[in-house]
Amino acid sequence: MSKKTPESPEQKSTKGIHELYAEDPAQADRRLWGREVDPESRRGFLKRSSLLAMASALGAGAIPFASKMPGGLIPAALADTHEPFMLKGKDGLTVLNDRPINAETPAHLLDDMVTPGSRMFVRNNGLPPEMEGIDPESWTLEIAGESCEKPMTFTVAELKKKFKHHTYQLQIECGGNGRSEFVPSASGNQWTTGAVACPEFTGVRVRDVLEACGVKSDAVYIGYYGADQHLSRDPSKEAISRGVPMSKAMEDESLIAWAMNGEAIPWLNGYPLRLVCGGWPGSVSGKWLKRIVIRNKVHDGAKMSPPSYSVPKNPVAPGTDVPKPDMEIIGSMPVKSIVTSPKSGLTHTMGKKLAVRGHAWAGDLSVKEVYVSIDFGATWQKADLKKPANRLAWQYWSAEIEFPEIGYYEIWARAVDSEGHSQPMVVPGWNPRGYLNNACHRIAVQVA
Ligand SMILES: Nc1nc2c(c(=O)[nH]1)N[C@H]1C(S)=C(S)[C@@H](COP(=O)(O)O)O[C@H]1N2
Ligand SMILES: [Mo]
């Protein structure tokens with residue numbers, strides 16, 4: 001008989017994990033998920049039944065490969081539920097995908113001028129580092145690359161001490177926001193309108209840190225590396241490693257941030273350190289930031305080359321198979337707006353004015369005008385538009401609407417940027433990966 005190796009309780013039992021750890025549900029969560037689960041979210045996807053239900057939902061047996069389950073993975077047995085489940089630290093988000101985690105914010109929950117952490121969308125390409133394993137005290141950021149004169153490594157405390165702090169409200173929108181509206185459909189997360197947010201970030205300027213490390217004259221690009229893992233857990237692969245041209249990296253508003261809305265950055269949004277380059281596809285704003293490289297060529301990290309975050313150089317017919325050399329990397333995002341109040345589907349009393357409001361943004365540019373229409377774009381009424389809190393923040397707009405008679409209406413909002421480009425009323429240029437849909441947002445109103 002072979003010598004027995006020590007067993008963990010779940011290896012020798014046929015009971016479910018939460019049954020075994022009935023005294024200590026948090027320990028059960030660590031075994032099951034690799035981390036603790038917010039009791040609210042557990043309740044959410046367990047249809048309000050007891051903890052034992054989780055074990056029975058998983059078949060009541062052991063999980064032989066529990067130690068290999070990626071942290072944050074929702075077991076398929078539980079992910080199948082039709083009950084919405086919640087993400088730790090998030091409130092009311094729609095989960096599109098659980099592996100990796102991707103969740104968007106319904107438009108009416110983006111009503112705040114400054115997006116709270118609980119309402120910021122989540123776009124993960126890989127597996128985030130375990131929250132328990134992150135020590136902000138020992139976290140380091142390395143600056144290197146062939147166009148860096150003196151590569152250096154900083155702790156977060158050193159970044160805070162050595163460089164001037166800056167706070168900006170910065171708009172981040174996933175390049176694929178609105179993808180669900182393309183026909184034929186494009187593969188990828190089927191975002192509707194909620195992969196956008198505009199929180200306030202505090203950190204140091206990328207420029208100040210890079211200059212302290214010496215930028216060689218041949219520098220053309222920066223690239224970031226984060227602490228998340230590739231979905232395959234293959235350490236030689238990056239989940240994502242993108243970047244921006246030097247001109248964008250050196251802007252005043254490009255930050256290496258440790259705070260969001262005056263607090264630590266939420267775990268799923270990049271705690272404890274992230275890059276923020278507002279106005280460009282969200283994918284350039286690296287989360288769980290560990291390293292920035294100064295490059296003498298366009299950064300060649302994961303998801304940097306076509307077809308990722310790239311669109312055809314010239315318009316193509318929907319469904320066209322576009323060769324990679326005919327595509328270019330997306331830079332500044334196009335002008336766009338959302339209606340955040342009222343919530344779509346409202347019944348409004350005839351004879352009363354309806355207050356509508358929302359936000360508008362325009363990549364590196366600013367928004368010049370916002371218009372609303374209640375007749376499917378035949379006529380437009382100018383909305384009141386506020387200046388942004390700073391460059392690259394979204395702008396607040398509002399309008400009062402009167403309806404001529406009872407019945408069904410749609411309110412459409414349309415923004416125009418500082419160079420005169422307007423949002424299109426219908427879905428713009430189809431592209432293979434479904435990026436840059438900036439069509440007008442619309443909500444439904446019944447007037448009775
Ligand atoms: N390290 C790392 N950074 C990342 C990502 C990622 O998966 N890993 N996703 C990118 C993408 S595609 C987007 S749209 C934004 C989303 O930021 P959020 O999840 O904080 O909303 O983060 C970007 N930064
Ligand atoms: Mo993204």
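In listed order, ligands and their atoms are each counted from 1. Values in this document were obtained by computation on a predicted structure and should not be read as measured data.
- Arg357 forms no cation-pi arrangement with Trp397, by the criterion of a distance under 6.0 Å to the ring centre and an angle within 45° of the ring axis.
- Under 4.0 Å from ligand 1, the heavy atoms of Ser285 that appear belong solely to its backbone.
- Using a 4.0 Å cut-off to heavy atoms of Asn125, the atoms of ligand 1 that qualify are 5 (C), 6 (C), 7 (O), 9 (N), 10 (C), 12 (S).
- Backbone and side-chain nitrogen or oxygen atoms of Trp288 are examined, and none is located within less than 3.5 angstrom of a nitrogen or oxygen of ligand 1.
- Protein heavy atom at the shortest distance from atom 22 (O) of ligand 1 is Arg274 NH2, 3.4 Å.
- Backbone and side-chain nitrogen or oxygen atoms of Asn124 are examined, and none is located within less than 3.5 angstrom of a nitrogen or oxygen of ligand 1.
- If you check the side chains of His421 and Asp417, you find a donor sitting under 3.5 Å from an acceptor.
- Looking at atom 2 (C) of ligand 1, its nearest protein heavy atom turns out to be Asp228 OD2, 3.4 Å.
- There is a side-chain donor-acceptor pair under 3.5 Å between Glu173 and Trp361.
- Minimum interatomic distance between Ala197 and Pro199 (heavy atoms only, all atoms of both residues): C-CD, 3.6 Å.
- Trp280 and Asp364 share a donor-acceptor pair across their side chains, judged by distance under 3.5 Å alone.
- When only non-hydrogen protein atoms are considered, atom 15 (C) of ligand 1 lies nearest to Gly282 O, 3.4 Å.
- Among protein heavy atoms, atom 19 (O) of ligand 1 sits closest to Lys287 NZ, 2.5 Å.
- Of all the heavy atoms of Tyr309, the ones lying under 4.0 Å from any atom of ligand 1 belong exclusively to the side chain.
- Shown in contact with Gly286 at under 4.0 Å from a heavy atom are these atoms of ligand 1, numbered in order with element: 3 (N), 24 (N).
- The atoms of ligand 1 that sit less than 4.0 Å from any heavy atom of Ile240 are 2 (C), 5 (C), 6 (C), 7 (O), 8 (N).
- Remark: Lys290 is positioned above the aromatic ring of Trp139, its terminal NZ or CZ atom under 6.0 angstrom from the ring centre and at most 45 degrees off the axis.
- Cation-pi contact between Arg295 and Tyr221: absent, since separation from the ring centre below 6.0 Å together with deviation from the ring axis within 45° is not met.
- Short contacts between ligand 1 and Cys174, defined as distances under 4.0 Å to a heavy atom of the residue, involve ligand atoms 14 (S).
- For the residue pair Lys90 and Asn269, a side-chain donor N or O sits within less than 3.5 Å of a side-chain acceptor on the partner.
- For ligand 1 and Phe121, the ligand atoms under 4.0 Å from any heavy atom of the residue are 14 (S), 16 (C), 18 (P), 19 (O), 21 (O).
- Between the side chains of Gln395 and Ser366, no donor-acceptor pair is found at a separation under 3.5 Å.
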Inset, instruction - May I have the step-by-step check of salt bridge (Lys or Arg N to Asp or Glu O under 4.0 Å) for Lys324 and Asp326, ending in yes or no? - result: CA-CA 5 Å; Lys324 290 174 189 174; Asp326 295 348; over 6 Å; no
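- Of all the atoms in ligand 1, the ones that sit under 4.0 Å from a non-hydrogen atom of Val122 are 19 (O).
- Nearest protein neighbour of atom 10 (C) of ligand 1, counting heavy atoms only, is Ser283 CA, 3.6 Å.
- Taking the ring centroids of Phe201 and Tyr168, they lie at or beyond the 6.0 Å cut-off.
- Contacts between Glu173 and ligand 1, counted as non-hydrogen atom pairs separated by less than 4.0 Å, are absent for every part of the residue.
- Inclusion of Asn269 in the set of residues having an N or O under 3.5 Å from an N or O of ligand 1 is warranted.
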